[in-house]
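Structure, as structure tokens:
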Protein chains: 2
Amino acid sequence: MTKTISLTPIGYVRSSRTDPIDDNWDSVESWIELDPALFQADACQGLDAFSHIEVVYYFHRVEDPEIVQGARHPRGRSDWPKVGIFAQRAKGRPNRLGVTAAKLVGVEGLSIVVHGLDAIDGTPVLDIKPCMRSFLPRGEVIEPTWATELMQNYW
Amino acid sequence: MTKTISLTPIGYVRSSRTDPIDDNWDSVESWIELDPALFQADACQGLDAFSHIEVVYYFHRVEDPEIVQGARHPRGRSDWPKVGIFAQRAKGRPNRLGVTAAKLVGVEGLSIVVHGLDAIDGTPVLDIKPCMRSFLPRGEVIEPTWATELMQNYW
């Protein structure tokens, strides 16, 4: 059943941050340049009516040996529980996919300026979706203590 | 710059809904079966400490001609504005990626029971991430009227 799925980057992240660092992503200015060879000029028409976008991207700098198929301590912190790779958002994950809701600053044609995107310069972008209120988690979002602690300085 | 990225499904959706229908997804019971050939038994360890998971999946039933590279009326409704494919969450999109926050009902090994996953039976799953409070959109989520109207009966 595990046949391969081939995706084509829709564009790339341009960012002042060129190296993966765990924290302080809100200090980063970045934008997404969609590939004009792939899309019509109106592919982002009306996007600016939304306050946030969901960016699906590819952790292109992660090497095969870094990918975890089982469990690990988040950030190698043994004071945090060992949890499965699908119970954390670490980049060393199967398929190397990142998903982040970023604040939309502006759209100009196929160029999208965002705030708070945790992706480095050159990151391939696979999809952009508008954040809709109905697509937020329905009901209270509960998380374990380690997750709250890990995210303390992330943004 | 547009080199292809190859992904392998981590598992598949098992659902009572076998055909793509736009609305009433909350009436659907479903679970995700991760591929035991790819992952260790503890790949989901600790996931049950979260109330919701983010599921990244592939709209495998969408044919090439259905994919929009520019703008269209959401659901073909001419009373709604014509917006770019990246300003809507329609399945006929480049790379066919879906991202949904579903309520986590339970985890048993590599089998994950969810509520409110808008994916049909047999859908390839590409990633699962825990919903963390800090990864929700920061600040008020603003959306246009058409989006609120479109989502009225979705769940």
Side-chain angles (χ1 to χ4, degrees), chain A residues 1-2 4-10 12 35 38-40 42-47 49-52 54 56 58 69-71 81 83-89 93-95 97 99 101 103 116 124 126-144 147 151 154-155, chain B residues 1-2 4-10 12 35 38-40 42-47 49-52 54 56 58 69-71 81 83-89 93-95 97 99 101 103 116 124 126-144 147 151 154-155:
Chain A
M1 280 290 274
T2 56
T4 294
I5 290 171
S6 295
L7 304 182
T8 303
I10 63 170
Y12 293 86
D35 189 337
L38 299 178
F39 306 111
Q40 293 152 29
D42 57 3
C44 295
Q45 184 177 306
L47 185 59
F50 294 87
S51 58
H52 297 75
E54 205 162 43
V56 183
Y58 185 75
Q69 275 83 18
V83 295
I85 190 62
F86 298 121
Q88 48 189 289
R89 300 182 71 104
R93 61 195 306 107
N95 288 327
L97 294 176
V99 178
K103 194 157 191 359
L126 297 173
D127 198 12
I128 290 169
K129 299 172 187 290
C131 287
M132 296 182 181
R133 283 193 290 265
S134 311
F135 266 91
L136 297 175
R138 283 156 295 143
E140 189 194 357
V141 175
I142 297 163
E143 65 186 16
M151 291 302 296
Y154 192 78
W155 301 118
Chain B
M1 279 289 273
T2 57
T4 294
I5 290 170
S6 295
L7 304 182
T8 303
I10 62 170
Y12 293 86
D35 188 338
L38 298 178
F39 306 111
Q40 294 153 28
D42 57 2
C44 295
Q45 183 176 307
L47 185 59
F50 294 88
S51 58
H52 297 75
E54 205 163 42
V56 183
Y58 186 74
Q69 275 81 19
V83 295
I85 190 62
F86 298 121
Q88 48 189 288
R89 301 182 70 104
R93 62 195 305 109
N95 287 326
L97 294 176
V99 178
K103 196 159 188 358
L126 297 173
D127 198 11
I128 290 169
K129 298 172 188 289
C131 287
M132 296 182 181
R133 282 192 291 265
S134 311
F135 266 90
L136 297 174
R138 284 155 294 142
E140 188 195 357
V141 175
I142 297 163
E143 65 186 15
M151 292 302 296
Y154 192 77
W155 301 118

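Each chain gets a letter, A, B and so on, in the order its sequence line appears, and its residues count up from 1.
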Part of Phe50(A) within contact of chain B (heavy atom distance under 4.5 Å)
both
Measure distances from Val56(A) to the heavy atoms of chain B and classify the residue's part below 4.5 Å as side chain, backbone, both or neither.
side chain
Under 4.5 Å, counting heavy-atom pairs only, tell me which of Gly46(B), Pro137(B), Ala101(B), Gly139(B) racks up the most with chain A.
Pro137(B)
Are Asp127(A) and Phe86(B) close enough that some pair of their side-chain heavy atoms sits under 4.5 Å apart?
yes
I'd like to know which of Pro94(B), Pro124(B), Pro144(B), Gly116(B) tops the heavy-atom pair count under 4.5 Å against chain A.
Pro144(B)
Closest heavy-atom pair, Thr4(A) versus Ser6(B), reported as atoms and distance to 0.1 Å, is CG2-CB, 3.6 Å
Evaluate the criterion side-chain contact (heavy atoms from CB on, under 4.5 Å) for residue pair Glu54(B) and Glu54(A); output intermediate values, then yes/no.
CA-CA 12 Å; Glu54(B) 205 163 42; Glu54(A) 205 162 43; 3.8 Å; yes
Should the ring pair Phe135(A) and Trp155(B) be called parallel, tilted or perpendicular, given that the plane angle runs from 0 to 90° and is split at 30 and 60?
perpendicular
Most contact-rich option vs chain B, by heavy-atom pairs under 4.5 angstrom, among Gln40(A), Gln88(A), Lys129(A), is Lys129(A)
So which heavy atom on Glu143(B) is nearest to which on Met132(A), and how close?
OE1-CA, 3.2 Å
Contacting moiety of Pro81(B), where chain A heavy atoms sit under 4.5 Å:
neither
As an exercise: rank Cys44(A), Ala49(A), Cys131(A) by heavy-atom pairs under 4.5 Å with chain B and give me the winner.
Ala49(A)
Exercise: identify the closest heavy-atom pair between Pro9(A) and Ile5(B)
CG-CD1, 4.0 Å
Under a 4.5 Å heavy-atom cut-off, does chain A meet the side chain of Phe39(B), its backbone, both or neither?
both
Heavy-atom pairs under 4.5 Å with chain B: which of Met151(A), Arg93(A), Lys103(A) has the most?
Arg93(A)
Which atoms form the tightest heavy-atom contact between Leu47(A) and Pro130(A), and what is the distance?
CD1-CB, 4.3 Å
Any Leu97(A) side-chain heavy atom under 4.5 Å of Leu7(B) side chain:
yes
Against chain B, work out which of Leu136(A), Ile85(A), Leu126(A) has the most heavy-atom pairs shorter than 4.5 Å and name it.
Leu126(A)
Examine whether an atom of Tyr58(A) lies under 4.5 Å from a heavy atom of chain B, and if so say whether it belongs to the side chain, the backbone or both; otherwise answer neither.
side chain
Between Arg89(B), Gln45(B), Gln69(B), which shows the greatest number of heavy-atom pairs under 4.5 Å with chain A?
Arg89(B)
